Protein chains: 2
Amino acid sequence: MNKFNLIFKDLEEKIRQGIYQEGDLLPSENELTKTYDVSRETVRKALNLLLEHGYIQKQQGKGSIVLPTGQYQFPVSGLTSYKELERSQGIKGNTKVIVNDYLSFPDVLREESDMPEVAEVQYILRERLVNGEVLILDKDYFDPAIVPHIPTEVAEDSIYAYLEGVHHLDISYAKKTITVEPATTEDKELMQLQEPFVVVVRSDVYLDDTRLFQHTESRHRLDRFKFVEFARRRNV
Amino acid sequence: MNKFNLIFKDLEEKIRQGIYQEGDLLPSENELTKTYDVSRETVRKALNLLLEHGYIQKQQGKGSIVLPTGQYQFPVSGLTSYKELERSQGIKGNTKVIVNDYLSFPDVLREESDMPEVAEVQYILRERLVNGEVLILDKDYFDPAIVPHIPTEVAEDSIYAYLEGVHHLDISYAKKTITVEPATTEDKELMQLQEPFVVVVRSDVYLDDTRLFQHTESRHRLDRFKFVEFARRRNV
DNA sequence: CAGTGGTCTAGACCACGCT
DNA sequence: GCGTGGTCTAGACCACTGA
């Protein structure tokens, strides 16, 4: 791991533990330079990560102020797998694989994804349960030309950990959309819906080398859906 | 404007104009160093902005690849005012101010916002129309201890341009949530809703000095709501 | 191997806040 | 005036790609 990332993790940990509290000023960049025995630009790269994640706010002439980190923890936004969310948020959930099979290229990918047409895709349908309730239905489509076969045991655990850890795929970025759509019969059956709508989060997920390897359709019970984002203003 | 921002804007413009096309490699960092007559770190800051905005993908040993920039243009995510969205997306919309008045501190702020209790707030209710249809209802609450009075003419145009340009407030970051909620009578009347639900985007908006100055509740017709995000994977 | 991006350094000058 | 963060530089070494 590089230095600025280590410093970021260290400061993040100290903020989470309350060693630096809301409203406190972090040590100045010059002090951090000495503490970690690195150059100032390296300290600043670490502080920029804290800034982007909403941990601090910087003010010229004053210092870096620690922001409140509400009860919810990020990132509901971003590109994070469900298993990782569970871990970082302390949710205890269950995942049940309903389908794990190969399909000939389905229409939904033609319409909702940029994935180039291939003969067949690996299709995984999963239920996400929290406290015995099915809150999310996840439909994943993988391009088998890029992604090795994903066994059901892996799909019950973490697919991303498997692809990154075991097969060394470099998952890099995603294009996501969120819409609200009428619930299908499948939605109603599997999620025991009260409401006629579901929230649909669709993602095209890309590797480091810009290859599109996965499309995901994540269907949420709307009464339990909540998306949280920390956003910074940019020069428009 | 600083150098890396100027370089970013220049390269962004060239990508938008198709001077650099999807799949092309940008000139190498060394070449850009010469082109703009700056140091390499400065070039890299500009490229990082392109990276975060989803314009390029970098690969060690190869270069910076230009990504496709779909028809939709960001940022629907982030902290951008409706007027700015209109401009960057080429939407022609209308804004109609329904209410512009002072209220004693309303319950909704106690429940949905971190705004500290003050005697009264400025309340602005606006309709956003596109092609004659009301798509969004915006409810803004401003802390008058921080924000000068906002006249109705300004609310019909751009409040952020007014606060930043005229009063030099430094708008910095926001905490946002997206949920789906039952439509109120007001929603149904003003938006002529077919559906019993609306998408609600709530934001607490902060200044540079971490003061919370605004809460916004943006109520969307769910059949016309679409949220688009570009997300990068981070080390978890 | 040459060329690319990734990281890091030591130092400089500036703009801002506070006292 | 002093300490803070914001910007920029010139140079170094490393890891990776592709011929």
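In what follows, chains are A, B, ... by sequence order, proteins preceding strands, each numbered from 1. All values derive from a computational prediction rather than experimental measurement.
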Determine whether [X] and [Y] make a side-chain contact, defined as any pair of heavy atoms from C-beta on separated by less than 4.5 Å.
{"X": "B:Thr35", "Y": "B:Val43", "result": "no"}
{"X": "A:Val205", "Y": "A:Tyr160", "result": "yes"}
{"X": "A:Tyr123", "Y": "A:Lys139", "result": "yes"}
{"X": "A:Ile65", "Y": "A:Leu25", "result": "yes"}

Members of residues 25-44 of chain A that approach DNA chain D, where some heavy atom sits under 4.0 Å away: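 Heavy-atom contacts with DNA chain D come from A:Ser28, A:Glu29, A:Glu31, A:Arg40, A:Glu41, A:Arg44.
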
Parallel, tilted or perpendicular: rings of A:Tyr141 and A:His215 (30°, 60°):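 Tilted, since the angle between the ring planes falls between 30° and 60°.
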
Mutual orientation of the aromatic rings belonging to A:Tyr206 and A:Tyr173 [parallel < 30°, tilted 30-60°, perpendicular > 60°]: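 Because their plane-to-plane angle is under 30°, the rings of A:Tyr206 and A:Tyr173 count as parallel.
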
In whole Å, what is the span from the [atom1] atom of [X] to the [atom2] atom of [N]?
{"X": "B:Ile65", "N": "C:dT4", "atom1": "CD1", "atom2": "P", "answer": "14 Å"}
{"X": "B:Leu47", "N": "C:dT4", "atom1": "CG", "atom2": "C1'", "answer": "12 Å"}
{"X": "A:Gln59", "N": "D:dT4", "atom1": "CD", "atom2": "C1'", "answer": "11 Å"}
{"X": "B:Met1", "N": "D:dC8", "atom1": "CE", "atom2": "P", "answer": "11 Å"}
{"X": "A:Leu6", "N": "C:dC8", "atom1": "CG", "atom2": "C1'", "answer": "13 Å"}
{"X": "A:Asp170", "N": "D:dA15", "atom1": "CG", "atom2": "C1'", "answer": "13 Å"}
{"X": "B:Asn5", "N": "D:dT7", "atom1": "CG", "atom2": "P", "answer": "8 Å"}
{"X": "A:Asp208", "N": "C:dG5", "atom1": "CG", "atom2": "P", "answer": "14 Å"}

[X] side chain near [N] phosphate (N/O to OP1/OP2, under 4.0 Å):
{"X": "A:Lys3", "N": "C:dG6", "answer": "no"}
{"X": "B:Lys58", "N": "C:dT4", "answer": "no"}
{"X": "A:Lys62", "N": "C:dC18", "answer": "yes"}

B:Phe4 side chain, from C-beta outward: closest of C:dC8, D:dC16, D:dT7: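 Output: D:dT7.
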
Derivation of the salt bridge (charged side-chain N to carboxylate O under 4.0 Å, His left out) call for A:Asp209 and B:Lys62: CA-CA 10 Å; A:Asp209 58 9; B:Lys62 279 186 108 167; over 6 Å; no

Closest-nucleotide 5' rank along DNA chain C - winner of B:Gly61 and A:Gly61: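 Per heavy-atom nearest nucleotide, the more 5' residue is B:Gly61.
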
